[in-house]
Amino acid sequence: MKASNLFYPTLREVPSEAEIASHQLLLRAGFIRKTSAGVYSYLPLAMRVLRKIENIVREEMERAGGQELLMPIIQPKELWEKSGRWSVYGDEMFRLVDRHNRGFALGPTHEEIITTLVDAEVHSYRDLPLLLYQIQNKYRDEIRPRFGLMRGREFIMKDLYSFDQDYAGLDISYQKMYAAYRAIYTRMKLNYRVVEADSGAIGGNESHEFMVLADSGECTILYCDNEICDYAANVEKAECPAPDEPSSPSKMKTVNKIYTPGLRTIQDLVSDLGISAQDQVKTLMYSVDGEIVAVVLRGDRDLNEIKLKNFLNCRELFMADESSVRAQCAAGFGSLGPLGLKAKIYADLEVAAMRNFSCGANEDDYHYINVNMGRDFVPEAVVDLRNAVEGDLCPLCNGNLQALRGIEVGHIFKLGTKYSDALEAGYRTADGEEKPMVMGCYGIGISRTLAAAVEQNNDNNGIIWPMPIAPYHVIIIPVNTKKEEQMQAAEDIYEKLIRLGVEVILDDRDERAGVKFKDADLIGIPVKITIGPKSLQEKQVEVKKRWADDTELIDIDKVVDVICAIIKEGMEK
RNA sequence: CGGGAUGUAGCGCAGCUUGGUAGCGCGUCUGGUUCGGGACCAGAAGGCCGCAGGUUCAAAUCCUGUCAUCCCGACCA
């Protein structure tokens, strides 16, 4: 491709709307343009990267036994009513009506469609397992689109669905996908981690997320620092083992009510009374399917709402507002405590191990000190409810947890029979029995992966594409296009590389060298060949790898071999 | 949806406090000189000051509403 013909409108300045590196660079380097919040056009360079990511994904899906198909984006309302998700999915679904006033949704995901399709066509155990996938736009009316391609309302996703006879079969399909996902991110040369994840509302009992590591990532990952332990989990999932009982179980002191005017927060008690947060208990009131319940945690901990929701197995859960709290006990937010509460109390494991702690007295401007669980109040249940934090004990070994930030680029779930039950997708077993298919679903955010790759591979000058997903492998820059011998040498190398199947840009624009160097760095082409007057006299050209500091002088008749070797090396390992 | 911020030329911004002919840099176009890390000179084009009301002799500027975008929170590929 000649740069003079390539549509890549680069920007010298950082667009004011972009905050993080990948968003800024993709805009500046002419890869994407915004149409509206969370909706983007992909320009030619981005398209090439997307195709490369997709092809790696395709190869690994096919290798694992997947077959590609393409399902509709426009999906009828009835299908979603049947699965029960028309109402559950809520505002996140783009909805529309046709001229006959029939309801539709723009597909946020495809469980309904694929399950219906497979149910209609697959009837026998002989046809299972079946692994079907597609690569397609998805539509989710996100509460908050963010960071360019990172969280769009329209985005490209690969989704594969597995259908098996039983859970043993699902385990095999799941393992295949797990391995395929590892292969995909390894091939793309991204620094990633697999973590245990919560399967959430989608159902099922096992789930893993694939996280590309980046400081700007929206997810917190906790992993064990013990080398022989491979525990890693999303913060929402990470378990907090029960702490040891206090070594001297005696010494429960007498409860004492103290006057604490104006002290409302954990921090207030720390600074005014010198009671450390670890010696306080905080009480949070939640509305759970309409019922008010209390949750108690150590003062310095954060509640993990997902753990609470999973434990209570409820449909709806949100923090109670102050008026409904006051209806429960004669106090507001700053003075809540577990003593004498009518509401059910759920205590975090850690609270059981605390002695003589402080908490609100359920009376405005009063707190209790020397409170002990069991003696002074009895919770409905004692369970793991808090967010794990860095430094916590590993749930599997005696290591400690470390924290990292990550971008979720893939997520795999065991669905079980949630959708095959709802949509009545069954098959006949060898014994003639009718059974529901056991399903799994496996997603990869293709467009998000592109952004994550940039987030992880850039410097002050621009993007540094990993070779396997670079839009082009090589860019040739004749320093001065008006000098015939430079252009001749450039064209010559260009032709040779093209004949060898190398993806190469020849920057034939009549621009100053500096402009071309800046653009080449910005768009992140892995290898740059510079053809200048001095080296050309010696029958040499300069070769520079985008990620390296040094420039090599290469004999002009060897340059093609050198380039091919660099590309080969970049594709492997 | 709650909190915060911003909308002025393709991009980045100033002007708004104290109302009075809309500016700067980059980019674009023309001509010339340059030519190894975002050149220089000369000239030119380009604006419903987000939109709608209001106040005023007069509004980019003051007031009200509205829309859009971005950031922080409940989420997720």
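In what follows, chains are A, B, ... by sequence order, proteins preceding strands, each numbered from 1. Because the structure is a prediction, the values reported are computed rather than measured.
- Judged by distance alone, the side chains of A:Glu111 and A:Thr109 do bring a donor and an acceptor atom under 3.5 Å apart.
- Of the side-chain N and O atoms in A:Ser36, none sit less than 4.0 angstrom from OP1 or OP2 of B:A68.
- Ionic pairing of A:Arg298 and A:Asp348 is not present here: no N-O contact between side-chain nitrogen and carboxylate oxygen is shorter than 4.0 angstrom.
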Full working for side chain to side chain donor-acceptor pair (under 3.5 Å) between A:Tyr89 and A:Arg95: CA-CA 11 Å; A:Tyr89 225 95; A:Arg95 294 156 204 255; over 6 Å; no
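- Between A:Leu50 atom CG and B:A77 atom C1' there is a gap of 14 Å when expressed in whole angstrom units.
- The CG atom of A:Leu11 sits 10 Å away from the C1' atom of B:G27 (whole-angstrom rounding).
- Here the C1' atom of nucleotide B:U6 and the CD atom of A:Glu19 are 12 Å apart, to the nearest Å.
- Along RNA chain B, the nucleotide closest to A:Ile143 and the one closest to A:Gln486 are compared, and the more 5′ of them pairs with A:Gln486.
- Contacts of A:Lys528 with the nucleic acid, taken as non-hydrogen atoms under 4.0 Å apart, include base atoms.
- Of the listed nucleotides (B:U69, B:G36, B:G37), B:U69 has the atom at the smallest distance from the side chain of A:Ala37.
- When the nucleotides B:C11, B:C35, B:G36 are ranked by their closest atom to the side chain of A:Val479, B:G36 comes out on top.
- In this structure, the separation between CD1 on A:Ile444 and CD1 on A:Ile412 is 9.5 Å, given to the nearest 0.5 Å.
- In this entry B:A42 has B:U30 as its Watson-Crick or G-U wobble partner, both defining distances falling under 3.5 Å.
- The listed nucleotides are B:U34, B:C71, B:A77; the one nearest the side chain of A:Arg140 is B:A77.
- The side chain of A:Asp521 has B:G37 as its nearest neighbour among B:G37, B:C35, B:C76.
- Picking from B:G38, B:G73, B:A77 the nucleotide with the shortest atom distance to the side chain of A:Arg146 gives B:G73.
- Closest contact between the side chain of A:Tyr40 and the listed nucleotides B:G36, B:A77, B:C70 involves B:C70.
- As rounded to whole Å, 18 Å separates atom P of B:A77 from atom CD of A:Glu54.
- Comparing B:A60 with B:G19, their P atoms are spaced 13 Å from each other, to the whole Å.
- When the nearest nucleotides of RNA chain B are assigned to A:Gly514 and A:Pro15 by heavy-atom distance, the more 5′-ward of the two goes with A:Pro15.
- Regarding A:Glu17, its CD atom lies at a distance of 15 Å from the C1' atom of B:G50, rounded to whole Å.
- Residue contacts for A:Gly532: at a heavy-atom cut-off of 4.0 Å it reaches a base atom on one of the strands shown.
- Across every strand in view, B:U21 sits unpaired, with no contact that passes the Watson-Crick or G-U test at under 3.5 angstrom.
- Contacts of A:Tyr181 with the nucleic acid, taken as non-hydrogen atoms under 4.0 Å apart, are absent.
- Base pairing of B:C76 is not made with any nucleotide, judged by Watson-Crick or G-U wobble geometry with both donor-acceptor distances under 3.5 Å.
- Here the separation of B:G3 from B:C16, taken at their C1' atoms, is 25 Å to the nearest Å.
- A donor-acceptor contact under 3.5 Å is not formed by the side chain of A:Glu92 with the base of B:C76.
- The aromatic ring of A:Phe155 sits over the base of B:A77, with ring centres less than 5.5 Å apart and planes tilted by under 30°.
- At a threshold of 4.0 angstrom between heavy atoms, the contacts of A:Asp159 with the nucleic acid are absent.
- Each of B:G36, B:A77, B:C13 was ranked by its minimum atom distance to the side chain of A:Thr530; first place goes to B:G36.
- Searching all strands for a Watson-Crick or G-U wobble partner of B:U6 with both distances below 3.5 Å returns B:A68.
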Verdict with supporting geometry, A:Glu455 and A:Ser22, side chain to side chain donor-acceptor pair (under 3.5 Å): CA-CA 5 Å; A:Glu455 200 58 38; A:Ser22 62; 2.7 Å; yes
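- Here the C1' atom of nucleotide B:A77 and the CD atom of A:Glu455 are 16 Å apart, to the nearest Å.
- Within 4.0 Å (heavy atoms only), A:Arg28 reaches at least one base atom of the nucleic acid.
- Across every strand in view, B:G47 sits unpaired, with no contact that passes the Watson-Crick or G-U test at under 3.5 angstrom.
- Comparing B:G54 with B:C71, their P atoms sit 36 Å apart, to the nearest whole Å.
- With hydrogens and angles ignored, the 3.5 Å screen pairs no side-chain donor or acceptor of A:Lys282 with any backbone N or O of A:Ala277.
- The partner of B:G53, taking Watson-Crick or G-U wobble pairs whose two distances both stay under 3.5 Å, is B:C63.
- The separation of B:G23 from B:G15, taken at their C1' atoms, amounts to 7 Å, rounded to a whole angstrom.
- For A:Lys518, the listed nucleotide lying nearest its side chain is B:G38; candidates were B:G36, B:G38, B:A74.
- A gap of 13 Å separates the P atoms of B:C24 and B:A45, to the nearest Å.
- Note on A:Lys482: a base of the nucleic acid sits closer than 4.0 angstrom, heavy atoms only.
- When the nucleotides B:C26, B:C76, B:G25 are ranked by their closest atom to the side chain of A:Arg12, B:C26 comes out on top.
- In the interface, the side chain of A:Arg151 is paired with the base of B:C75 through a donor and an acceptor atom under 3.5 Å apart.
- As rounded to the nearest Å, B:G4 and B:U61 have P atoms that lie 23 Å from one another.
- A close approach under 4.0 Å does not occur between any side-chain nitrogen or oxygen of A:Arg448 and OP1 or OP2 of B:C76.
- For the pair A:Glu13 CD and B:C13 P, the computed distance is 8 Å after rounding to whole Å.
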Side chain to side chain donor-acceptor pair (under 3.5 Å) evaluation trace for A:Gln456 with A:Tyr192: CA-CA 10 Å; A:Gln456 200 172 72; A:Tyr192 72 99; over 6 Å; no
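- B:A68 sits 35 Å from B:C57 when the P atoms are compared, rounded to a whole Å.
- Looking at heavy-atom distances under 4.0 Å, A:Glu236 makes contact with a base.
- Here the options are A:Arg58, A:Arg51, A:Glu59, the test is side-chain hydrogen bond (donor to acceptor under 3.5 Å, both in side chains), and the partner is A:Asn55; only A:Arg58 passes.
- Contact annotation for A:Pro9: no contact, since no heavy-atom pair falls under 4.0 Å across all strands.
- The one candidate from A:His110, A:Glu62, A:Gln67 that meets the side-chain hydrogen bond (donor to acceptor under 3.5 Å, both in side chains) condition with A:Tyr133 is A:Glu62.
- Relative to the side chain of A:Glu542, the nucleotides B:G38, B:G36, B:A77 differ in distance, and B:G36 lies closest.
- A cation-pi arrangement, defined by a distance under 6.0 Å to the six-membered ring centre and an angle within 45 degrees of its axis, is present between A:Arg48 and A:Tyr472.
- Between the P atoms of B:A22 and B:U18, the separation comes to 22 Å (whole Å).
- Computed from coordinates, the A:Tyr185 OH to B:A77 P distance equals 11 Å when rounded to whole Å.
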